[in-house]
There are 2 protein chains.
Amino acid sequence: MSTAAPTPRESSSGPDGLPSALGHEMPIGGSSAVKKDGLEHSRDTFITHWAEMGSSWGVPRSVAEVHALLFIEGRAMCADEIMDRLQVSRGSVSMTLRTLADWGIVTKTRLRGDRKEYFEAEQDVWNLLSLIVRARKRRELEPLLAALDDTRQAAVGDTTASAAEMKNHLARLDSMHDALRRLDRLSDRFIGRGGKGLDVAVRLLSSFL
Amino acid sequence: MSTAAPTPRESSSGPDGLPSALGHEMPIGGSSAVKKDGLEHSRDTFITHWAEMGSSWGVPRSVAEVHALLFIEGRAMCADEIMDRLQVSRGSVSMTLRTLADWGIVTKTRLRGDRKEYFEAEQDVWNLLSLIVRARKRRELEPLLAALDDTRQAAVGDTTASAAEMKNHLARLDSMHDALRRLDRLSDRFIGRGGKGLDVAVRLLSSFL
DNA sequence: TCAAGTTTTCAAATATTCTTGAAATCAATG
DNA sequence: CATTGATTTCAAGAATATTTGAAAACTTGA
């Protein structure tokens, strides 16, 4: 978390402030009728669209929503505040935050004088994208590459297939494997460790327009 | 979903336990009891893994399965053959093929002397990946960029928020928008038109390792 | 160690997405 | 232009995925 968030806080109880008694601040997006200003509405809109994109990429809507909230608020929030604002259950928020923490795009922070855990989202967009890509590479691309190896083995053992068929089959598997492996290695280099790798890669390519 | 987990695929027999007339539990293969050679088994494995990856990226399993089948067979197939091989309904195959055709990774072909339509998958992997990226860019990235513009407008109109808050909010929106737009433009250049654009981009980056 | 505050877990309930199957539509042929 | 074969549509049903809620398990402070 190199580029730590500024975490502009303004609410009632600051981080360095007193133990905020009970987290019973004014419900922000809850059931109680709260008049939203334009900024608040803009945040809602962002959350909605980010969640929509996420769900079309296989990220559970509520995971994307929580992430969007933390990103657009730009400050550490506790589970209570999140569930109140997003109107989701405590259990859901807990699982969701764990997922986001696993991906590395949200980090726990403890505020002194407060027993609750707080969470904040990576604020640097290139870093955010890197972390997402890295997580998916690990979880999906690498297993697929391994599986393609197995798939190849399953074919090679066969003796009944015609030589021509076998050759074509292996060629297809190999072309797929090679392309994916190349992407895998590229990402090792450019997003392997946190930082500006992705940014650099994009600038590099842009310069060749 | 995305968390790698055992994925139960085979549905049990009928709701009332009716012994499914013809269906003995068999993996992906055809309806008739055919002994599979290694090559066939290898194809099944490929289809399974490709489908799994697809579904974790938000592509319906059966869409990924049909695509995997067409890719790994490397030849034109008709709906009947596909539904027989994958054990899915005619309607499903029809919708699935339309989806794949929309993405441009599968194309219709007519065989003379045959009233059926045949379909075959793009065989060049870089081209395949380009087509996939292009489709998703159009369908998801571009709408998101447009939405971010609206989101920004919603904020700018507000006069009640503090100047500092507003400034930070807009900075977040803008950093996100700028990063995504840059990716959007890059893809215009490198995968905008079919061909080896992606391949070129990857080679370019690789050369900077 | 207890007690109070917090978080995690997970079976059940809910919501969403996918598949089916048969009728409707379309297209080629005689 | 009727017939036959093929494809598409789409409402209902099935399968999956997600969310809830409350109990269990932590944690911390005294």
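Within every chain, numbering begins at 1; the chains are lettered A, B, ... in the order of the sequence lines, protein sequences first and strands thereafter.
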Atom-to-atom span, [atom1] of [X] to [atom2] of [N] - whole angstrom:
| X | N | atom1 | atom2 | result |
| --- | --- | --- | --- | --- |
| B/Glu117 | D/dG5 | CD | P | 17 Å |
| A/Lys116 | C/dT6 | NZ | P | 5 Å |
| B/Leu86 | C/dT19 | CG | P | 10 Å |
| A/Arg110 | C/dG5 | CZ | P | 16 Å |
| B/Met77 | D/dT7 | CE | C1' | 18 Å |
| B/Met83 | C/dT19 | CE | P | 14 Å |
| B/Arg61 | D/dA17 | CZ | C1' | 12 Å |
| B/Leu97 | D/dT9 | CG | P | 13 Å |

Just compare [options] and give me whichever is closest to any side-chain atom of [X].
| X | options | value |
| --- | --- | --- |
| B/Pro60 | C/dC18, D/dT8, C/dT8 | C/dC18 |
| A/Arg98 | D/dT9, C/dA4, C/dT9 | C/dT9 |
| A/Ala79 | C/dG5, C/dT7, D/dA6 | C/dT7 |

Could you note down all residue pairs passing salt bridge (charged side-chain N to carboxylate O under 4.0 Å, His left out) where residues 91-110 of chain A supplies at least one of them, sequence neighbours left out?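 Residue pairs with at least one partner in residues 91-110 of chain A: A/Lys108-A/Glu117, A/Arg110-A/Glu117.
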Distance-only donor-acceptor check, side chains B/His169 and A/Ser42, under 3.5 Å: yes
Can you tell me whether the side chain of B/Arg115 and the base of C/dT29 have a donor-acceptor pair closer than 3.5 Å? no
Contact list please: residues 89-96 of chain A against DNA chain D, heavy atoms, distance less than 4.0 Å, in numerical order.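 Result for residues 89-96 of chain A: A/Ser89, A/Gly91, A/Ser92, sorted by number.
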Could you tell me whether [X] and [Y] make a salt bridge, using a distance below 4.0 angstrom between a side-chain N and a carboxylate O?
| X | Y | value |
| --- | --- | --- |
| B/Arg85 | B/Glu40 | yes |
| B/Asp184 | B/Arg181 | no |
| B/Arg172 | A/Glu73 | no |

Could you check whether A/Arg136 makes a cation-pi contact with B/Trp57, meaning its NZ or CZ is under 6.0 Å from the centre of the six-membered ring and within 45° of the ring axis? yes
Which distance, rounded to the nearest 0.5 Å, do you find between the OG1 of A/Thr109 and the CE of A/Met77? 12.0 Å
